Amino acid sequence: MTDTAASPAKSGPRITGAFHRLLAFSGLLALVVVFSLASPNFMQTQNILAILQATSVNGVLAIAATLVIITGGIDLSVGTLMTFCAVIAGVLLTFWGLPLPVGVVGAILAGTASGLVSGVVIAKLKVPPFIATLGMMLILKGLSLVISGTRPIYFNDTPGFTQISQGSLVGALVPVLPIPNGVLILFGVALLAAFVLGKTALGRYTFALGSNEEAVRLSGVNVDRWKIAVYAVAGSICGVAGLLIASRLNSAQPALGQGYELDAIAAVVIGGTSLSGGRGTVLGTLIGALIISVLANGLRILSVAQEWQTVVTGTIIILAVYADILRRRNL
Amino acid sequence: MTDTAASPAKSGPRITGAFHRLLAFSGLLALVVVFSLASPNFMQTQNILAILQATSVNGVLAIAATLVIITGGIDLSVGTLMTFCAVIAGVLLTFWGLPLPVGVVGAILAGTASGLVSGVVIAKLKVPPFIATLGMMLILKGLSLVISGTRPIYFNDTPGFTQISQGSLVGALVPVLPIPNGVLILFGVALLAAFVLGKTALGRYTFALGSNEEAVRLSGVNVDRWKIAVYAVAGSICGVAGLLIASRLNSAQPALGQGYELDAIAAVVIGGTSLSGGRGTVLGTLIGALIISVLANGLRILSVAQEWQTVVTGTIIILAVYADILRRRNL
Amino acid sequence: MTDAPLVEMIDIDKAFPGVRALSQARFELRAGEVHALMGENGAGKSTLMKILSGVYTRDAGIVRLSGQPVEIGSPREAQDLGIGIIHQELALMRDLTAAQNIFIGREPRRLFMLDEVALNRDAQAIFDSMNLKLDPQVRVETLTIARQQMVEIAKALSYRSRVLVMDEPTAALNDAEIAELFAIINRLKAEGVGIVYISHKMDEIKRISDRVTVMRDGEYVGTVPAADTPIETIISMMVGRTLTNEALIIPNTSAAPVALEVRNLNRGRDIRDVSFSLRKGEILGFAGLMGAGRTEVARVIFGADPRESGEIWVNGRRVGISSPRDAVRAGIGYLSEDRKHFGLATGLDVRNNIALASLERFTGPGGLLDDGAMRVTALDYIRKLAIKTPSDTQEARLLSGGNQQKVVVAKWLLRDCDILIFDEPTRGIDVGAKAEIYKLLTALAGEGKAIIVISSELPEVLRLSHRIAVMCEGRLTGFLPGGASQEEIMHLATMREAAMEVRHAG
Amino acid sequence: QDNYDIALISKGFQHQFWQAVKAGADKAGADLGVNVTFEGPESESQVDRQMDMLAAALSRNPDAIGFAALDSQAAIPLLQQAKERNIPVIAFDSGVDSDIPLTTATTDNVAAAALAADVMAELIGGEGKIAVVAHDQTSRTGIDRRDGFVNRIKEAYPNIEIVSVQYGGGDQLQSTEITKSILLANPDLKGIFGTNEGSAIGVANGKQELGSNVVVIGFDSGAAQKDMVRSGLMAGAITQNPVGIGYQTVQAAVAALKGEALPPVIDTGFYFYDAKNMDSPEIAAVLYD
Ligand SMILES: Nc1ncnc2c1ncn2[C@@H]1O[C@H](COP(=O)(O)OP(=O)(O)OP(=O)(O)O)[C@@H](O)[C@H]1O
Ligand SMILES: Nc1ncnc2c1ncn2[C@@H]1O[C@H](COP(=O)(O)OP(=O)(O)OP(=O)(O)O)[C@@H](O)[C@H]1O
Ligand SMILES: [Mg+2]
Ligand SMILES: [Mg+2]
């Protein structure tokens, strides 16, 4: 907000949005081109699918984080919440032997509930989002271990379960294109989130809150309710991520999840969403997530030594965002 | 920030500061009292010293983070930078067999340099602090592994080295009070940082930047230079942390450090520093760091099951901050 | 030095994405003169001055300082060249104290340490020279805009520049401080400082300025001597037509039902036992000095701040208002005096800012928004209020100050409340648009809406109010009938701790 | 000699144990003239990250894959792919619930930890309080070593009480703090078992910082731990043969590629070492820096 007057560069939200898309795309494309040239194995259907599959979980988490970040908040609990939801699914399906749909709905509701809690703590108790979600992160982490008895819960008795992310509806129809369902779900969630952000009141308030919460409050809007709603929706999305990862591993790994919030938030910011709130796009986030997994995959394909992988990743993340900024300025 | 005018509670900086101190203290005291009642072993000199010792590294990192956060930025690289500096010390002292002082200075300068880089990337290239320091976090992590050859560097040939944090000057004078040097260093750094923030131009601009960067620029201040300076100072402080941890482990552990940034930032925010910048105190941060380590220590002393430890920690962090907020409101 | 003018700006062009802010703009300033820069909202005044003070770089044109061509690349360079500016939008560091704000970048030092004592002493000295009672150590954030504006002025003065640009310095001030400011300006003038004075308050132009330069749509219209040019001429130069300023007609609302009644409102020292009632179709003006408590009363009625005691009755029903939402539900709307912090969602575009208070109206089943309808409505208000913006999807923060204010006004007009509280509604709005807004308010009253207008501009209060409430130090010191004299108002406005006096209000 | 490309996906990377495995693998690579790559996730909880690594490795079309499964089931679909593409898979460190791996080069962690328990019991005279600082609460090795130790104590040494089992994530500093609080909470503690290098070093650090004389049994080696054992700060430690694991994994892979038959399990063994025996050739051979 502060730097506006001085930077005539920044212009209307739609335009910025459009830019970000273009730019982020260009960064992504650059990476893809480089890797394709560097290794014949990169541009294989198999590998592309592997990349998409690898993006699905972090992508979904990043979308959840996007909603929260646009309100000017932050959600550190996405990772452990994902795990918590996976564990809940495990309890419902494996411990209690309930049918698959119950597990799916249960996991998502668990996410919604936990999101509600974060939302209430933030909106009603006025605890800063960073602290509230940091606390939730730890609480959920502990609960996952407690509930699961600190060991993985396997879904072997629920045959259909692995299909959630590993099966391929598309593949069933178009055998040459065995896109895993996990990827479809990612795109589904993305479309949904984009729709909510762009076309619904919730979305509009999400941006408004991030832009100037007090002004919204003084417009007679029930700020608290909408804020809570955003965190709840984000929570539900983490529930979906929980199902994806559990289905992918055919198990709920209770210790998983911490540290994942960083990747998610990174994807959001690389995607051009500002941590100060008020602006951001789901598409940008998707691309941010893809950049991250393309990088990881590509460097592995080139079998770059692991310690160098981190160095390169760090550098490229900075460069990608810098390129983005340059283009915007040169307008 | 937006709701300020609406909340007459908030008043002059000195007062708010005073509050935070009081409040954070009260939270800390509450914990101490509870644990003392719960376990006779808690209030032992030995244990108090253990807690302080345990606070030293995270405390120093948190102070570094405080400076950056007051400018409205964020530094995710504190943890891996600490490690990087430790490795540099290892290279200088063990690989090249240089004298102790060189290692000390070298490690701190390494921190300064890396801080400078982050600062330049943020101030000149206008890359958001989150991304810039995320990138640095990864780069430094990789470099630590590369430089050290992915193995710990031991300081066995530098006898004095372990004294840096484990020795006890105080103990030498007052045998009953063997306060480890690491703790002294923590308080030393804290005093220094408090002085810089309160009494020097750098400190003034640190607050000014976080308060309204554009206004500072319009006032004809060389914003970039000061911003870079802040990151450089923060980097040097991370260098000190690197020496502390290396001295404690009598080795530079190249794999350590990631994840430490979260504890550091948590301490800062628990200490009442706002992530939106413009306000914050070193004392608050110290107390935040103490709250974290008292909690960890206390719960272990009571040998609470680890999974429950996380749950309790999460809850108490939220409650501590909430109590803080309540008091401020009821003014 | 030569007798070349202090500042010459010739054929300045400046374009922003989608906007041509300046084209061939021209301006000249002599040493020791006060040169008023006039123009409608969005005419390009601030942009021109931002170019002079190094905030923006011009696309084309020449800038000369005492005859020497200069490139002013940054605010710092401007300062070094002796050019100081008071920006239209307050640019203060809210977490810092007044003194720290004033001397940011030029703090007195002892060794490598800051000398707080000297800092506060110097700030105090400046305040004293302005006859301003303000604690240098108070945090700016806790000050009302009026006082923040005074801090900005003090800051500008502290630079001792030879060119001082004042972009609507009095927008937030009322007569008392304006008088002080003018005294200061005259002193500087005597010292040979050249002053650029931007304001939408016509009366001030005559009082203070020597010459007037008028701009329209980013272009230079002309420069005239202030003394012997009638205001009407200047206005017509600005708006390109002559405005008819029809007189105030006070309707008899004594029969109309009471829309809003406030009983024994209390809040600390800011509000002390305030009671008044407001009838449908009535416009009640609130006058008072800075800090009198008008804004505070409004905020409390609106539920933005908690009240300690007192009752609020709407249409004869007592309503428990504990949040702005309750107030809006009860049909009360409040336009804040501080658009930047409490009015505008600066990151959102014009369309959404206008719709912000009425989103549910555009929300269909499933929370679906009807952007089409929002667009139509927004465009309608953009036309009605002549909001200067490239499109209804322009980000609000990119509008000129006055146009931002119009957007906030539009938001509340759209919300269509029965009771509207306007706090400094025409702050920074040009004469033409002011007239429009006055018409609108009168029309709204005509439709039976109850309206409160808080204004620090007495002429505005007098122009609009059917009845005038005057506050002093948190107390209602009296009511006056519409068309009362400025003297009567000032008398009540300065009536400290005296007995409440009510002249029968017509 | 055809230059095979062998991808090893391990459970970790930075930890000395895995670096030792890597060293062994690289050595075998050099000896057998094959190209070996080695990577592993940040922490042993990141099962899905390991999947991504395995998937990327598959995309690379290596001649053979070595895989140390973080989870005994999660990887099966990917291993299936490998099988379909006739890429031989050698499991190392921990097995997989599947017959796809041609062999598993591993240590019996349960038995190894049980040995640690026996030594501990002997050193503290068969009675008293002891504690465990484990490196991980959920990973296979973490569970096996904890349970191997705890169960052995329960079965064989009724007079020994395990007062606390806590987890330091293998992080030296965290393990140090944990150890100190355990010692301060139980002044009469007699012994502590650290279940991997990081934990063990942390335990020894804590002991040193408090000047306690508790009996410390470690796990794995590494320069620091070796010094601590030599100096007596640590009574001794169990070491596996990570270099051997790495070496034999690659060796087995090459053998598989050459179509040679492999035993279902290659037990790479474990050993207890202390100041006395650590310089004997057969022990020194399995210790690493
Ligand atoms: N940073 C910017 N980006 C885009 N357009 C801008 C920017 N700054 C100003 N404008 C546009 O330039 C035109 C001139 O703005 P300016 O602020 O100079 O008007 P003004 O004369 O100061 O109006 P007011 O009296 O309302 O302050 C307006 O149409 C405004 O929308
Ligand atoms: N001298 C002052 N210093 C700081 N705050 C003040 C001062 N005077 C008044 N205030 C604050 O301003 C509020 C009362 O002034 P308020 O703004 O409501 O009156 P007003 O008549 O609207 O004055 P203004 O024209 O400045 O808005 C209270 O919150 C009070 O704390
Ligand atoms: Mg202007
Ligand atoms: Mg006011």
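Model, not experiment: these values are computed from the prediction. So you know, we letter chains A, B, ... as the sequences are listed, proteins then strands, and number each from 1.
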TODO: Select one option (side chain, backbone, both, neither) describing which atoms of L49(A) are under 4.5 Å from chain D's heavy atoms.
DONE: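 Contact with chain D involves no heavy atom of L49(A) at all.
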
Open item on the list: What part of L256(A) gets within 4.5 angstrom of chain D, counting heavy atoms only: side chain, backbone, both, or neither?
Closed with: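 Both backbone and side chain of L256(A) come within 4.5 Å of chain D.
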
Short donor-acceptor contacts under 3.5 Å linking chain D with chain A:
residue	atom	partner	partner atom	Å
E39(D)	OE1	Q309(A)	NE2	3.4
G40(D)	N	Q306(A)	OE1	3.0
G40(D)	O	Q306(A)	NE2	2.6
D48(D)	OD1	Y260(A)	OH	2.3
D48(D)	OD2	Y260(A)	OH	3.4
R49(D)	NH1	D263(A)	OD2	3.4
R49(D)	NH2	D263(A)	OD2	3.4
D52(D)	OD1	R248(A)	NH1	3.1
D52(D)	OD1	R248(A)	NH2	2.7
S59(D)	OG	N47(A)	OD1	2.8
R60(D)	O	N41(A)	ND2	3.4
D71(D)	OD1	Y154(A)	OH	2.6
D71(D)	OD1	Q253(A)	NE2	2.6
D71(D)	OD2	Y154(A)	OH	3.4
Q73(D)	OE1	N156(A)	ND2	3.3

Output all residues satisfying ring pair (Phe, Tyr, Trp, His ring centres under 6.0 Å) with [X], sequence neighbours left out; order by chain, then residue number.
{"X": "F92(D)", "value": "none"}
{"X": "F35(A)", "value": "F42(A)"}
{"X": "F17(D)", "value": "none"}

Open item on the list: Heavy-atom pairs under 4.5 Å with chain D: which of G298(A), A54(A), P152(A), P40(A) has the most?
Closed with: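 Max contact count across the listed options: A54(A).
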
